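Below is one structure; the comments refer to it alone.
Starting from 1, each residue takes its place in the sequence as its number. These numbers were taken from a predicted model, which means no experiment stands behind them.
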Amino acid sequence: MTSGNTERFVDLRSDTVTRPTALMWEAMQTASLGDDTLEGDPTVRALEHLAAVVTGKEEAMFVVSGTMGNLIASLCHATRGGEAVLDAQAHMAKSEAGGMSRLAHLYPVLIPSVRGEMDLDQLAGALRPGFSRYGQPTAMVAVESTHNHSGGYVPSLSYLADVRALASRAGVPVHMDGARVFNAAAALGVDVGQITAHCDSLTFCLSKGLSAPMGAMLVGSHVMIEQARTFRRMTGGGLRQAGIMAAAGKVAMETMVARLADDNVRAQRLWDGLAQIDPQLVDAVPSTSNIVRLRVGEQREANPRAWEAALAEYGILARASGTSMLRLVTHRHIGDEDIDETIAAIASIRDTFASRATPLGVA
């Protein structure tokens with residue numbers, strides 16, 4: 001691919017840029033509709049039943065976003081406020097803590113983690129089954145799979161089982177931020193139920209790799225979801241003819257889960273290609289899901305924003321993440337040719353920035 005502006009972009013900013021499939025559009029146009037806050041929307045109910053069955057939980061509820069799902073789960077678990085224990089790099093801590101603290105009145109207790117897995121000894125020490133001189137009880141433990149801010153890593157099943165065991169002994173529920181949990185299942189080569197078995201509640205997105213235009217699911221027990229429906233309305237999530245969007249979500253769950261393995265494979269191909277250019281460009285261990293972090297440093301002329309602009313000149317869209325890296329996310333609109341073009345562009349840009357660097361000792 002030659003440098004220069006192009007009308008066609010390889011969009012690696014996120015898997016949220018995916019577009020509905022033809023089957024989704026057809027389902028949206030023909031969906032049976034009702035008022036979901038009154039008698040209920042039949043298409044929403046069908047989606048909720050499917051989500052509960054697939055994840056092995058008693059009941060599910062359609063929400064407008066993963067953020068809303070996580071917030072409502074926090075409200076359900078925080079009957080009297082208290083503390084939420086989660087890893088320091090969790091999306092709920094770094095990007096959603098305002099809702100958790102201001103609305104659910106939960107104080108986040110952050111545990112150090114490596115690739116999305118909390119230090120279990122510190123986790124055990126942080127759990128409080130009741131009030132003490134040091135603070136309120138632990139209202140919930142939150143885990144995340146795949147783990148966004150660590151680069152898409154997939155926590156192991158044994159880790160999730162250990163977290164659940166520690167929490168259960170303290171009488172504390174476990175919530176999973178599973179925005180990309182189906183990518184995690186594909187990476188582990190297991191049915192998603194083997195992941196969700198280790199949590200009491202779960203949020204997963206329909207609008208990322210599954211390609212639906214909107215929505216997420218919150219799943220849990222009958223009692224929890226009944227309470228969650230009240231909190232959904234309180235937080236402005238009461239929907240009317242939501243079956244239009246639920247229809248696309250149902251098709252997404254029925255037709256798009258199996259192909260997520262392709263996105264994971266292409267991400268590994270991207271990681272391999274970048275590692276061959278320079279191992280320091282990528283994380284030492286690939287994530288096995290659909291996220292790759294491009295490590296570019298903090299140099300004035302070659303910082304993440306400069307890389308964003310340079311990649312755009314090659315028709316490639318990426319997203320800066322922090323002060324020293326970019327995040328590249330594969331999805332169904334990214335093919336093998338796009339991966340090859342991206343690798344070639346990054347190699348060329350790296351060489352260009354290297355040639356501009358000021359030699360050491362030169363003013």
Side-chain angles (χ1 to χ4, degrees), residues 14-16 36-37 41 44-45 47-79 84 86 90-106 108 139-149 173-185 192-193 195-196 198-239 242 245-246 248-250 252-253 257:
S14 178
D15 44 10
T16 59
D36 194 36
T37 63
D41 184 299
V44 171
R45 294 289 185 259
L47 170 62
E48 291 173 340
H49 175 73
L50 176 62
V53 170
V54 168
T55 58
K57 300 303 181 186
E58 291 180 352
E59 198 166 332
M61 182 180 73
F62 182 55
V63 291
V64 299
S65 68
T67 297
M68 175 174 275
N70 288 335
L71 171 61
I72 292 174
S74 300
L75 288 164
C76 289
H77 294 311
T79 54
L86 61 169
H91 194 271
M92 289 180 67
K94 294 177 71 69
S95 303
E96 301 177 11
M100 182 194 306
S101 59
R102 188 173 181 85
L103 300 179
H105 301 291
L106 288 177
M140 72 173 184
V141 174
V143 294
E144 184 177 340
S145 186
T146 65
H147 195 273
N148 188 358
H149 287 297
V174 176
H175 174 69
M176 178 178 290
D177 178 359
R180 297 181 175 90
V181 72
F182 290 99
N183 287 89
V192 73
I195 298 176
T196 60
H198 301 298
C199 62
D200 297 283
S201 59
L202 164 80
T203 298
F204 68 86
C205 290
L206 300 165
S207 58
K208 292 186 169 69
L210 294 180
S211 298
M214 187 197 86
M217 305 303 300
L218 173 62
V219 301
S221 67
H222 289 303
V223 172
M224 177 190 171
I225 297 302
E226 182 177 0
Q227 184 182 29
R229 294 191 187 282
T230 299
F231 285 130
R232 184 180 67 175
R233 188 175 180 88
M234 286 173 56
T235 54
L239 303 173
M245 288 300 175
K250 185 170 182 289
M253 290 195 65
V257 171

Test item: Glu144 side-chain N/O and Asp177 main-chain N/O as donor-acceptor pair under 3.5 Å:
no

Just by modelled atom types, is the Gly98 backbone N or O under 3.5 Å from a matching donor or acceptor in the Ser101 side chain?
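Looks like yes, one N/O pair under 3.5 Å.
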
If you measure only the distance, is there a donor-acceptor pair under 3.5 Å linking the side chains of [X] and [Y]?
X     : Y      : answer
Asn70 : Thr203 : yes
His77 : Ser201 : yes
Thr67 : His91  : no

I'd like to know if Asp200 and Lys57 make a salt bridge, using a cut-off of under 4.0 Å between side-chain N and carboxylate O.
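Lys57 and Asp200: not salt-bridged.
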
Taking Arg232 first and then Asp36, would you say they form a salt bridge - that is, a charged N and a carboxylate O separated by under 4.0 Å?
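Yes, this pair counts.
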
Heavy-atom pair of closest approach, residues [X] and [Y]:
X      : Y      : result
Ala248 : Pro213 : CB-CD, 3.5 Å
Met100 : Pro108 : SD-CB, 4.4 Å
Ala142 : Met92  : CB-SD, 4.0 Å
Ala184 : Ser145 : CB-OG, 3.2 Å
Ala51  : Met253 : CA-CE, 3.9 Å
Cys205 : Ala216 : CA-CB, 4.0 Å

NZ (Lys250) with more than 12 external heavy atoms under 6.0 Å:
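Not more than 12 within 6.0 Å, no.
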
More than 12 heavy atoms of other residues, nucleotides or ligands under 6.0 Å from CD of Glu226: yes or no?
no

Approximate separation, where rounding is to 0.5 Å, of [X] [atom1] and [Y] [atom2]:
X      : Y      : atom1 : atom2 : value
His222 : Gln227 : NE2   : CD    : 15.0 Å
Glu96  : Ser65  : CD    : OG    : 8.0 Å
Ile225 : Cys76  : CD1   : SG    : 7.0 Å
Met68  : Phe231 : CE    : CZ    : 13.0 Å
Arg180 : Thr146 : CZ    : OG1   : 5.5 Å

Are any of the side-chain heavy atoms of [X] and [Y] separated by less than 4.5 Å?
X      : Y      : value
Met224 : Glu58  : no
Val63  : Met217 : no
Met214 : Ser207 : no
Leu239 : Val64  : yes
Val143 : His175 : no
Met176 : Val181 : yes
Met234 : Ile72  : no
Leu218 : Leu202 : no

Identified side-chain contact (heavy atoms from CB on, under 4.5 Å) partner of Glu59 from the options His49, Arg229, Glu48
Arg229

CA sep, side-chain torsions, deciding dist, call: His198, Val174, side-chain contact (heavy atoms from CB on, under 4.5 Å):
CA-CA 8 Å; His198 301 298; Val174 176; over 6 Å; no

With Phe204, which residues qualify under ring-ring contact (aromatic ring centres under 6.0 Å, His included), at least two apart?
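For Phe204 the ring-ring contact (aromatic ring centres under 6.0 Å, His included) partners, ignoring immediate neighbours, are Phe182.
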
Would Thr235 and Leu75 count as a side-chain contact (heavy atoms from CB on, under 4.5 Å) if you check the C-alpha gap in whole Å, the side-chain angles of each, and the deciding distance to 0.1 Å?
CA-CA 10 Å; Thr235 54; Leu75 288 164; 4.1 Å; yes

